[in-house]
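Read the structure below first, then the notes.
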Amino acid sequence: MLDPKLLRNQPEQVAAQLKRRGFELNVEQLVGLEAERKQLQIQTQQLQNRRNSSAKAIGQAKARGEDVQHLLQAVSDLKLRLEGVETRLEALQGEIDAIAMGIPNIPHETVPDGAGEADNIEIRRWGEPPVFGFEPRDHVDLGAALEQMDFETAAKITGSRFSLLNGALARLHRALIHFMVDLHTGEHGYTETYVPYLVNAESLRGTGQLPKFEQDLFKLAGEHDYYLIPTAEVPLTNIVRNRIVGAEALPCRYVTHTPCFRSEAGSYGKDTRGMIRQHQFEKVEMVQVVRPQDSWQALEQLTGHAETVLQRLNLPYRVVALCAGDLGFSATKTYDLEVWLPGQKKYREISSCSNFGDFQARRMKARWRDPQTGKPEFVHTLNGSGLAVGRTLVAIMENYQQPDGSIRVPEALLAYMGGVEIVE
RNA sequence: GGAGGGUUGGCUGAGCGGUUGAAAGCACCGGUCUUGAAAACCGGCAUGGGUUCACGCCCAUCCAGGGUUCGAAUCCCUGACCCUCCGCCA
């Protein structure tokens, strides 16, 4: 959520900045509703004031043993009038809140202009795409030949966009998870965390998936409003919801591994082949909760933590800064890490690292006490994948493939593979 | 699934339907004292919103949402969560 004061006082400037990301803010409607709200609020508060003071007078008169009949008469109509304006104010406030909850974050000034993926800016590259003495295959072919990756059976068990792994490949998948979590806890200062995979609607509102993106989520049937997590960002970030964190506790750095569930509505026909886009995938997620003045430095650092995973695995990648039009709803700035996939001869997203500023914190009421002012202030939140495990497995298969279709295990993972050096 | 108890400020914890936005303690901030610190003593100290140049004034908030009442932290209903006991269970 944006600062309501900013929205109220400088709607034109806000609209101009949101336009960069392709969001049209209806300033006229907003200004109109705000004026109406202000008027109603003043009226309501005046009536409340009258109610309070007369109630107090009645109490005092009663205490003195006086007759209060005439006082009761004087306030008889007040109740009804007050109920009327209170109801109208509530409805209006609800309308304004609904609009505010649907407004995305403002892109940071360093975010490049642009409408979509094509306008993202490459920041740097690391590593060289491998040169093969043969035509490299993609992970689907490799997995099928190894008989360790099976989409048909997964489709039978569930449906499309699920996968089944076997044997050494399944082990490699698990090894990646352990390797990543160990790296972030051991070297990057994150606290290992275990979180619920089902979350309530309030948590999803906090991080920004709701109310706008319900169609992307799997919702459980039944009495509770529970959803499968689309990313561990939701449970991890909501740790600080409705909390005032002590200044000494910041920054909080959490890492966890979870499955992620996405309906992928609207991506029909996109990446239908292989493990790239699934309804269920594993991800290691990093979340940081920091002091406001530290968040830009933290974004660079967090991105570096994700890059380290790729570097240790010796996978070539590039870092791109998302343009304004490609930013996620809650983000004020995002770097994507894209890994080289020989099977597609393309760089593909494998991590997304974002600074949310106080956008999520405001929705969550996540605050810290600034020692300078002694006042509670909103924290800043960040997150990044470190990394998407399924896609990392794909990248390893395709980059480490050998002429006979076997896969060399990257050195960094050997310790986790129980002696397996080649998946074959 | 059944029975009972609970949820109050940063924390602990009082609270009678009416000057209770809320006692007390801790923590925190300022001051006195001290060579310095501690202790002691004095004072301050919730959050959000509205209004004002400002002092201030007003409104809301005691888990959430309804209700009763001139008036609700306090009474009633519903829900969430926590605790205790019984049953079931990986």
Side-chain angles (χ1 to χ4, degrees), chain A residues 1-10 30-31 33-101 194-206 210 220 222-227 235 238-250 252 289 291 358-359 361-379:
Chain A
M1 207 159 66
L2 300 179
D3 183 355
K5 275 185 190 157
L6 184 71
L7 200 55
R8 219 175 288 154
N9 299 334
Q10 309 182 8
L30 200 67
V31 169
L33 287 174
E34 262 308 318
E36 205 181 328
R37 180 202 57 86
K38 195 164 182 172
Q39 167 61 32
L40 254 181
Q41 186 174 335
I42 289 170
Q43 202 184 338
T44 304
Q45 292 188 352
Q46 279 170 350
L47 288 174
Q48 283 170 333
N49 186 10
R50 274 184 56 197
R51 177 201 60 195
N52 290 347
S53 46
S54 40
K56 196 173 274 186
I58 290 169
Q60 286 169 339
K62 257 194 169 166
R64 288 192 300 264
E66 296 171 12
D67 179 41
V68 295
Q69 203 49 47
H70 66 288
L71 286 171
L72 288 177
Q73 216 130 54
V75 297
S76 60
D77 72 315
L78 194 60
K79 203 179 172 183
L80 253 143
R81 285 176 58 200
L82 186 55
E83 263 168 26
V85 288
E86 273 179 341
T87 307
R88 276 198 289 150
L89 178 62
E90 209 173 298
L92 187 61
Q93 190 63 61
E95 203 178 328
I96 293 171
D97 289 347
I99 292 171
M101 285 295 276
Y194 173 79
V195 297
Y197 301 161
L198 300 181
V199 292
N200 58 36
E202 199 45 54
S203 291
L204 288 159
R205 269 193 287 275
L210 289 181
L220 266 64
E223 52 176 330
H224 296 290
D225 266 351
Y226 288 165
Y227 298 79
N238 275 280
I239 288 172
V240 292
R241 173 153 59 88
N242 288 333
R243 261 206 210 163
I244 299 176
V245 184
E248 72 289 344
L250 297 178
C252 302
V289 178
R291 303 176 184 211
D358 63 7
F359 188 86
R362 183 170 277 113
R363 291 165 86 99
M364 294 191 300
K365 294 184 181 62
R367 297 177 294 177
W368 71 301
R369 201 171 284 279
D370 184 349
Q372 298 289 311
T373 62
K375 297 285 177 193
E377 274 179 30
F378 291 117
V379 294

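Here is the naming used below: chain letters follow the sequence lines, and residue numbers restart at 1 for every chain. Note that these values count all heavy atoms, side chains included, but never hydrogens, waters or copies made by symmetry.
- Rounded to the nearest Å, the gap between the C1' atom of rC57(B) and that of rG5(B) is 43 Å.
- For rA14(B) and rG21(B), the C1' atoms lie 15 Å apart once the distance is rounded to whole Å.
- Among rG49(B), rC70(B), rU47(B), the nucleotide with an atom closest to any side-chain atom of Lys5(A) is rG49(B).
- Side-chain N/O atoms of Lys56(A) and base N/O atoms of rG18(B) include no donor-acceptor pair closer than 3.5 Å.
- Nucleotides rU51(B) and rC45(B) are separated by 24 Å at their C1' atoms, to the nearest Å.
- Comparing rA54(B) with rG49(B), their P atoms sit 16 Å apart, to the nearest whole Å.
- Nearest to the side chain of Lys375(A), among rG71(B), rU47(B), rG18(B), sits rU47(B).
- Checking rG66(B), rG18(B), rG49(B) against every side-chain atom of Ile58(A), the shortest atom distance belongs to rG18(B).
- Rounded to whole angstrom, the span from the CD atom of Gln60(A) across to the P atom of rG71(B) amounts to 16 Å.
- Closest to the Asn49(A) side chain, of the nucleotides rG50(B), rG18(B), rC58(B), is rC58(B).
- Comparing rU47(B), rC59(B), rG71(B) against the side chain of Lys79(A) picks out rG71(B) as the nearest.
- A distance of about 16 Å separates the C1' atoms of rU74(B) and rU61(B), rounded to the whole Å.
- Candidate nucleotides rG49(B), rU47(B), rU19(B) were compared by shortest atom distance to the side chain of Pro376(A), and rU47(B) ranks first.
- Atom C1' of rG18(B) sits at a distance of 44 Å from the matching atom of rC86(B), rounded to the whole Å.
- Checking rA60(B), rC70(B), rC58(B) against the side-chain heavy atoms of Gln45(A) singles out rC58(B) as nearest.
- For Asn52(A) and rU69(B), the CG to C1' distance is 14 Å, given to the nearest whole Å.
- Residue Glu86(A) contributes atom CD, which lies 15 Å from atom C1' of rG65(B) at whole-angstrom precision.
- Distance check on atom P: rG56(B) versus rC70(B) gives 36 Å, rounded to whole Å.
- The side chain of Ile244(A) approaches rG10(B) more closely than any other nucleotide in the set rG10(B), rU51(B), rG71(B).
- A gap of 8 Å separates the C1' atoms of rC63(B) and rA80(B), to the nearest Å.
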